[in-house]
Amino acid sequence: MNTPEVLLRFDPLDSLFFRDGLPYTQGESEQVGVTSQFPPTPATLVGAVRAAVARSRGWAGHGAWIDDIKQVLGDGESLGPLRFRGPLLIRGDDLLFPAPNHLLLDETDQTGARTALLHPGPEQHCDLGQAVRLPVLPPEQKRG
């Protein structure tokens with residue numbers, strides 16, 4: 001079966017705030033402890049898309065979905081025929097990806113920002129074990 005692929009782009013009209021899964025009751029405590037998570041988890045965006053489609057098919061926003069909606073959107077246990085990838089961050093027309101953890105940025109360099117990739121160093125004995133290879137800068141990146 002050849003299923004069409006659709007790209008959904010979320011362009012906010014206001015600030016976005018995605019909470020973690022911890023319970024929060026308004027007025028119960030100060031909002032200082034309420035944490036944000038960005039980008040949102042895939043489950044958050046999938047839930048938003050499924051709820052919007054369900055509402056467009058007559059769901060009132062509460063209660064169980066009728067069987068016609070479940071055939072398209074799945075149910076609480078399964079996505080049914082739906083498949084999702086992402087989320088991906090976009091700035092303008094450019095896709096944004098997280099920088100790898102072994103990438104270093106040197107902003108103190110007078111000639112402009114430089115980057116370097118860490119690589120495994122020589123084996124050494126330390127509190128982590130007998131033959132641990134800690135990350136080091138490549139020799140050409142080291143400064144005196």
Side-chain angles (χ1 to χ4, degrees), residues 1-26 28-62 64-65 68-144:
M1 182 165 125
N2 193 5
T3 306
E5 190 168 298
V6 177
L7 173 66
L8 300 175
R9 181 175 172 147
F10 291 82
D11 288 318
L13 299 175
D14 201 348
S15 298
L16 296 175
F17 183 82
F18 299 96
R19 290 190 36 236
D20 57 14
L22 296 175
Y24 173 73
T25 304
Q26 185 177 2
E28 199 170 88
S29 66
E30 293 184 21
Q31 294 184 5
V32 175
V34 179
T35 58
S36 174
Q37 179 178 340
F38 191 84
T41 65
T44 299
L45 294 179
V46 167
V49 169
R50 290 174 76 205
V53 173
R55 295 216 47 171
S56 75
R57 293 177 168 264
W59 180 56
H62 55 82
W65 290 346
D68 290 346
I69 294 175
K70 288 181 184 177
Q71 286 180 358
V72 175
L73 300 176
D75 56 25
E77 301 296 320
S78 164
L79 293 177
L82 298 178
R83 300 293 172 260
F84 291 89
R85 286 187 282 174
L88 302 173
L89 296 179
I90 300 173
R91 181 183 219 173
D93 292 329
D94 297 327
L95 283 174
L96 303 177
F97 298 97
N101 287 337
H102 67 293
L103 175 69
L104 296 180
L105 175 65
D106 182 3
E107 294 176 328
T108 62
D109 186 4
Q110 300 299 334
T111 62
R114 295 185 313 165
T115 59
L117 291 175
L118 296 173
H119 68 274
E123 290 183 359
Q124 59 186 26
H125 176 75
C126 69
D127 61 335
L128 298 175
Q130 296 277 337
V132 176
R133 298 181 69 183
L134 297 173
V136 297
L137 281 170
E140 65 273 8
Q141 296 288 333
K142 291 184 180 175
R143 287 196 247 176

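Below, each value reflects all heavy atoms present in this structure, side chains not excepted, and no hydrogens, waters or symmetry copies. Given the structure is predicted, the values throughout are model-derived calculations rather than measurements.
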* Atom of Pro40, atom of Pro87 and distance for their closest heavy-atom approach ->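 Nearest heavy atoms, Pro40 then Pro87: O-CG, 3.6 Å.
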
* To do: Please report the shortest heavy-atom distance between Pro12 and Asp14, naming the atom on each side.
  =>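 Nearest heavy atoms, Pro12 then Asp14: CB-O, 3.2 Å.
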
Taking distance alone, no hydrogens or angles, what donor-acceptor pairs closer than 3.5 Å link side-chain atoms of residues 116-136 to residues at least two apart or in another chain?
{"residue": "Arg133", "atom": "NE", "partner": "Gly121", "partner atom": "O", "Å": "2.8"}

Interatomic spacing from [atom1] in [X] to [atom2] in [Y] - rounded to 0.5 Å:
X	Y	atom1	atom2	answer
Thr115	Leu103	OG1	CG	5.5 Å
Trp59	Asp68	CH2	CG	15.5 Å
Leu88	Leu7	CG	CG	8.0 Å

Check: residues 70-81 side-chain donor-acceptor pairs under 3.5 Å, at least two apart:
{"residue": "Asp75", "atom": "OD1", "partner": "Glu77", "partner atom": "N", "Å": "2.9"}
{"residue": "Asp75", "atom": "OD1", "partner": "Ser78", "partner atom": "N", "Å": "3.0"}
{"residue": "Ser78", "atom": "OG", "partner": "Gly80", "partner atom": "N", "Å": "2.9"}

* To do: Could you list all the salt bridge (Lys or Arg N to Asp or Glu O under 4.0 Å) pairs where at least one residue sits in residues 49-58, not counting sequence neighbours?
  =>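 Qualifying pairs, neighbours excluded: none.
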
* Between Val49 and Phe84, is any pair of side-chain heavy atoms under 4.5 Å apart? ->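 In contact.
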
* Can you name the residues that form a side-chain hydrogen bond (donor to acceptor under 3.5 Å, both in side chains) with Glu5, not counting sequence neighbours? ->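 Checked Glu5 against side-chain hydrogen bond (donor to acceptor under 3.5 Å, both in side chains); matches are Arg85.
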
* Please name all residues satisfying side-chain hydrogen bond (donor to acceptor under 3.5 Å, both in side chains) with Arg91, sequence neighbours left out, ordered by chain then number. =>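 Arg91 satisfies side-chain hydrogen bond (donor to acceptor under 3.5 Å, both in side chains) with no residue once adjacent residues are dropped.
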
* Asked: What do the steps show when you test Ile90 against Phe10 for side chain to side chain contact (heavy atoms under 4.5 Å, CB included), and what is the final call?
  -> CA-CA 10 Å; Ile90 300 173; Phe10 291 82; over 6 Å; no

* salt bridge (Lys or Arg N to Asp or Glu O under 4.0 Å) partners of Asp11, counting only residues at least two apart ->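 Salt bridge (Lys or Arg N to Asp or Glu O under 4.0 Å) list for Asp11, sorted by chain: Arg9.
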
Under 3.5 Å, which donor-acceptor pairs do the side chains of residues 92-100 form with other protein atoms, sequence neighbours left out?
none

